[in-house]
Amino acid sequence: MAIEIKRLAAGIGAEISGVDLTRPVSNADMEAIKQAWRDHLILLFRGQQLTHEQHIEFSRRFGDLDDHDAIPKFRDPQYHEILPVTNQEIDGRKQPVGRQWHSDLSTTLRPARASLLRCEVIPPVGGDTMFANMYLAYDTLSEKMKEIIDDLWGIHDMTVAKASQGRDLTEVRKRNPPVAQPVVRVHPETGRKAIYVSEMTTTGIVGMSDEEARPILEYLFRHSVRPEFTYRHRWQVHDMIAWDNRCAMHLALDDYDINVPRKLYRTTLLGEPSGYIVQSNAA
């Protein structure tokens, strides 16, 4: 059966059919999948009833995997390459994550290249995930705004996310001090520019006061997620979605009862080294 590619939305995403990820994927099919990923930024595979081992094996066809050592409490205890994405209770509280726009691991010196997330349990209503095309977000800026932001560095801090509030973040801060990342990131494979800031973790701009940086960041946050740049995914059990964190953001919508189970599993492709540690937002 030949692979078929169908766009999911005008701005981002494609569904791949005609491939069974529970079996070895041919080199020719892998090349077609990789090209589709470069073209569409996120890929949807329906009806893939994978084990952890099969999930990991398929993910490794794209590159080296993160063992999630930066967040050891949340990874699978047996398969460190697997990160459960769930509203289960950990340390006495439920852990819904990703409820702000973000790019995975942008707060580290090796941000995630990509993520592959498969669905096992969904609530009867809600639990959707949204994705945004950061190429389009950059391309549609005015030339003057591009000039302003092209050489700026944003400050990313894991501890400012809403999901982090009210926790003891001492160990998190030790493992993940704030880092500076380029506000405009050049994709190493396509050569295209993409905005690389997010409302969840970007707190400032290197060399600017908060008063100066905030209007720029707030504008970029709003502009990046305009409806025409986005796709909203309504999960089905055994869906797998792969996205490129270097040019796409995502958001887990807070649109379901937190007491209703929602369980997905993620692998994370290691990205290129990027950024540097910052101590403050001083010039």
Exercise for the section: Just do the salt bridge (charged side-chain N to carboxylate O under 4.0 Å, His left out) check on Glu189 and Arg113 with the steps written out, would you? Expected result: CA-CA 11 Å; Glu189 296 172 30; Arg113 173 184 165 195; 3.6 Å; yes
Practice task
Scan residues 122-141 for pairs that pass ring-ring contact (aromatic ring centres under 6.0 Å, His included), counting only residues two or more places apart or in two chains.
Solution key: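 Sorted result for residues 122-141: Phe131-Trp243.
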Exercise for the section: Can you run down the ring-ring contact (aromatic ring centres under 6.0 Å, His included) pairs that involve residues 205-228, sequence neighbours left out, and say none if there aren't any? Expected result: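 Qualifying pairs, neighbours excluded: Tyr219-His223, His223-Phe229.
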Exercise for the section: Begin with the C-alpha distance, continue with both residues' side-chain angles, and end with the deciding distance and a verdict on salt bridge (charged side-chain N to carboxylate O under 4.0 Å, His left out) for Lys193 and Asp150. Expected result: CA-CA 9 Å; Lys193 290 183 176 181; Asp150 269 349; 3.4 Å; yes
Test of understanding: with side chain to side chain donor-acceptor pair (under 3.5 Å), list the residues that count as partners of [X], not counting sequence neighbours.
| X | answer |
| --- | --- |
| Thr108 | none |
| Asp66 | none |
| Arg75 | none |
| Asp128 | Arg232 |

Can a side-chain donor-acceptor contact be found between [Y] and [X] if the only test is distance below 3.5 angstrom?
| X | Y | value |
| --- | --- | --- |
| Gln181 | Ser274 | yes |
| His156 | Thr201 | yes |
| Asp157 | Thr203 | no |
| Arg226 | Asn133 | no |
| Thr129 | Trp235 | yes |

Exercise for the section: Among residues two or more places apart or on two chains, list those pairs meeting salt bridge (Lys or Arg N to Asp or Glu O under 4.0 Å) that have a residue in residues 8-19. Expected result: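 Sorted pair list comes back empty.
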Handout entry: Residues that His52 engages under ring pair (Phe, Tyr, Trp, His ring centres under 6.0 Å), provided they are two or more places apart
Key =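 So His52 forms a ring pair (Phe, Tyr, Trp, His ring centres under 6.0 Å) with Tyr79, Tyr265.
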Practice task
Output all residues satisfying ring pair (Phe, Tyr, Trp, His ring centres under 6.0 Å) with Trp153, sequence neighbours left out; order by chain, then residue number.
Solution key: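 Per chain and number, Trp153 pairs via ring pair (Phe, Tyr, Trp, His ring centres under 6.0 Å) with Tyr276.
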Quick check: do [X] and [Y] have side-chain heavy atoms less than 4.5 Å from each other?
| X | Y | value |
| --- | --- | --- |
| Leu217 | Ile205 | yes |
| Pro188 | Glu272 | yes |
| Ile5 | His40 | yes |
| Leu117 | Val85 | yes |
| Asp39 | Gln35 | yes |

Handout entry: Residues clustered with Val125, ILVMFWY side-chain links under 4.5 angstrom
Key =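 ILVMFWY cluster around Val125 holds nothing else.
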Handout entry: salt bridge (Lys or Arg N to Asp or Glu O under 4.0 Å) involving Arg222 - partner list, sequence neighbours excluded
Key =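 So Arg222 forms no salt bridge (Lys or Arg N to Asp or Glu O under 4.0 Å) with any residue.
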Problem - salt bridge (Lys or Arg N to Asp or Glu O under 4.0 Å) against Arg214, all qualifying residues, sequence neighbours excluded - result: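 Arg214 satisfies salt bridge (Lys or Arg N to Asp or Glu O under 4.0 Å) with Glu218 only.
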Handout entry: Presence of salt bridge, Arg192 and Asp139, under 4.0 angstrom
Key =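 Looking at Arg192 together with Asp139, the answer is yes, because their closest N to O distance falls below 4.0 Å.
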Handout entry: Lys/Arg N to Asp/Glu carboxylate O, Arg262 vs Glu120, below 4.0 Å
Key =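 A salt bridge is absent here (no side-chain N lies under 4.0 Å from a carboxylate O).
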Practice task
Determine, stepwise, if the pair Glu147 / Lys144 fulfils salt bridge (charged side-chain N to carboxylate O under 4.0 Å, His left out).
Solution key: CA-CA 5 Å; Glu147 290 178 15; Lys144 180 56 67 175; 3.3 Å; yes
Problem - Within the 6.0 Å centroid threshold, strictly below: His68 and His80 - result: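 They do not qualify: ring centres at least 6.0 Å apart.
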Handout entry: Flag, side chain of Ser142 to backbone of Met145, donor-acceptor distance under 3.5 Å
Key =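 Yes, Ser142 side chain to Met145 backbone: donor-acceptor pair under 3.5 Å.
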